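So the structure is just underneath, and the comments pick up after that.
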Amino acid sequence: MSPRILAVLLAAALPALAQQPLSATLSIRAGESGPQVNRQIFGQFAEHLGAGIYGGIWVGENSKIPNTRGYRNDVLQALRDLKVPVIRWPGGCFADEYNWREGVGPRDKRPVKINTHWGGVTEPNSFGTHEFLDFAELLGAEAYISGNVGSAPPRELAEWVEYVTSPAGSLASERAANGRKDPWTLPYIGLGNELWGCGGNMRAEYAADVTRRYSTFIKVPAGVRIRKAASGPNAEDTHWMEVMMRDAGRSFNAIGLHYYTITRNWRQKGSATAFDESEYARTLQQTLRMDDLIARHSAIMDKYDPQKRVWLAVDEWGTWYDVEPGTNPGFLYQQNTLRDALVAALNIGIFTKHAGRVKMANIAQMVNVLQAMILTKEDRMLLTPTYHVFEMFKAYQDATALPLELKSPWYSSEASNIPAVHASAVRGQDGRLHVGLVNVDPHHSVALSAALAGAAPKAVTGRILTAPAIDSHNTFEAPAGVRPAPFTSAALESGALKVVLPPRSVVMLDLQ
Ligand code: AHR
């Protein structure tokens with residue numbers, strides 16, 4: 001047969017082939033117990049950057065936008081519904097220039113500074129320590145303060161921790177005079193941010209010594225526990241991890257890892273909404289690198305800390321695209337599509353797989369910045385597809401990871417070749433089995449058959465997040481276009497779970 005005739009025949013067959021579901025098999029060892037999936041992997045990051053704080057979270061008590069003591073009511077409610085477990089603040093790069101003293105006391109007396117990292121705009125300091133810690137309390141979230149190690153002496157950080165946590169002394173009196181009598185709970189303190197970059201451009205060897213030094217002076221009252229988080233590596237910088245663990249590992253209880261999903265390159269990252277299928281596939285392939293990065297860094301940590309005392313905290317992750325046209329390049333404001341929802345679900349699956357070491361993660365960022373949960377425009381708010389994934393996976397918080405094996409078909413587009421199906425499973429605190437599934441193939445359904453060793457559920461229900469196109473997204477005019485819907489293509493047949501996963505979808509199943 002000539003190649004031309006073959007091509008014509010193939011072209012004729014393609015539409016029919018596209019209708020054929022692919023198939024995958026999954027085996028979940030539901031009777032076994034893996035590590036706990038810390039709720040803190042659903043953590044968030046809120047930096048003084050663009051409208052991340054001002055306008056997005058904080059509008060002030062005198063705003064026309066409905067608020068509670070200055071916090072937007074709509075954003076508060078949306079975040080409460082998400083059960084945000086922990087919030088990292090005030091940066092990011094902002095943290096290593098921040099002077100906490102400028103953000104306490106009467107708001108009209110606080111100095112106005114320049115946010116040199118993010119757009120060179122004025123920083124009114126009206127959202128400071130009290131505003132952040134009250135915000136966390138209002139949400140029922142834990143606080144993770146990222147301290148200034150790059151440009152402030154150790155005493156400044158030590159006094160900040162004392163101001164927040166001490167029941168007595170001058171700093172506690174000052175705190176009381178500023179409106180807060182009782183100490184706050186401060187479970188996490190960050191020892192600088194990206195010390196290899198905006199946090200001071202340090203070499204790993206120097207950063208390890210600096211980390212030891214700053215850690216020494218962080219003291220909390222007897223009976224109070226604080227977890228110190230070191231500034232960890234940038235993506236694949238294993239030298240950084242090696243040196244920090246070897247030379248400073250006894251000085252911290254957690255170490256960060258920052259990895260952003262960049263589709264093209266740092267100079268031209270590509271649009272958040274205008275992309276073709278090859279760029280879509282590339283984004284997903286890039287995000288899946290997280291699995292290998294965690295495995296490599298964990299192997300180094302295992303060498304120095306086989307007991308897994310030190311948490312790996314992926315305290316910055318998410319997609320980073322070019323800013324929306326017409327917006328301030330320093331504000332990192334980007335839209336969020338179904339592609340970002342898949343990115344979020346894939347990363348949550350990876351964190352679940354590595355739950356024995358990854359004990360915290362903080363998506364960048366909470367509101368209006370990078371892969372945000374929420375976008376705001378004056379008095380309007382929308383929930384992004386990423387928000388919906390976090391909401392769908394809520395049952396994973398503090399659940400027990402279950403071991404599994406998956407055989408997936410491949411999805412290819414130009415240079416990218418990745419598994420189409422991704423799966424994770426947990427035994428939730430509610431005692432139920434929850435199975436998170438992602439089909440990244442934008443064209444094909446996948447028929448998945450799952451064996452459930454050690455469990456005999458009687459019923460399955462589910463929810464799905466999908467949309468007509470890979471770039472579907474919510475807008476202020478149509479804020480609910482992409483949102484979860486009930487999922488009915490899952491059934492239990494002779495003890496096995498049978499699911500038909502639609503193209504480009506995230507599915508969460510609940511078995512009982
Ligand atoms: O999240 C935006 C920035 O990315 C953070 O400020 C910094 O830590 C990272 O480089």
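Whatever order the structure lists ligands and atoms in, that order sets their numbers, starting from 1. Model, not experiment: these values are computed from the prediction. The first residue of the sequence shown is numbered 1, and numbering continues consecutively from there.
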Show me, pair by pair, the donor-acceptor contacts under 3.5 angstrom made by side chains of residues 198-205, not counting sequence neighbours?
from   : atom 1 : to     : atom 2 : distance (Å)
Glu205 : OE2    : His239 : NE2    : 2.9

Report all side-chain donor-acceptor pairs from residues 369-381 shorter than 3.5 Å, counting only partners two or more places apart or in another chain.
from   : atom 1 : to     : atom 2 : distance (Å)
Gln371 : OE1    : Thr319 : N      : 2.9
Gln371 : OE1    : Thr319 : OG1    : 3.4
Gln371 : NE2    : Asp340 : O      : 3.0
Gln371 : NE2    : Thr386 : OG1    : 3.1
Thr376 : OG1    : Asn368 : ND2    : 2.7

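Classification of the His258-Trp196 ring pair by plane angle, with boundaries at 30° and 60°, yields perpendicular. Relative ring orientation between Trp160 and Tyr98 is described as tilted, the plane-to-plane angle lying within the 30° to 60° band. Taking the six-membered ring where tryptophan is involved, the planes of Phe390 and Trp317 are essentially parallel, since the angle between them stays under 30° and well short of 60°.
The protein heavy-atom contact nearest to atom 9 (C) of ligand 1 is Glu316 OE1, 3.0 Å. Closest to atom 1 (O) of ligand 1, if we only count protein heavy atoms, is Tyr260 OH, 2.7 Å.
When atom types are taken as modelled, the side chain of Tyr396 and the backbone of Gly436 share a donor-acceptor pair closer than 3.5 angstrom.
Of all the atoms in ligand 1, the ones that sit under 4.0 Å from a non-hydrogen atom of Glu47 are 1 (O), 2 (C), 5 (C), 6 (O). With ligand atoms numbered from 1 in the order given, ligand 1 contributes 1 (O), 2 (C) to contacts under 4.0 Å with heavy atoms of Gln365. Atoms of ligand 1 found under 4.0 Å from any heavy atom of Phe45, numbered from 1 in the order shown, are 1 (O). Ligand-side atoms of ligand 1 in range of Leu370: 1 (O), 2 (C), range being under 4.0 angstrom from any heavy atom. Atoms of ligand 1 found under 4.0 Å from any heavy atom of Glu194, numbered from 1 in the order shown, are 7 (C), 8 (O), 9 (C), 10 (O).
Residue Cys93 has at least one nitrogen or oxygen atom sitting less than 3.5 Å from a nitrogen or oxygen atom of ligand 1, judged on distance alone. For the pair Trp320 and ligand 1, the shortest N or O to N or O distance does not fall below 3.5 Å.
Trp118 counts as a contact of ligand 1, since one of its heavy atoms falls under 4.0 Å from the ligand.
Centroid-to-centroid, the aromatic rings of Phe132 and Trp89 come within less than 6.0 Å.
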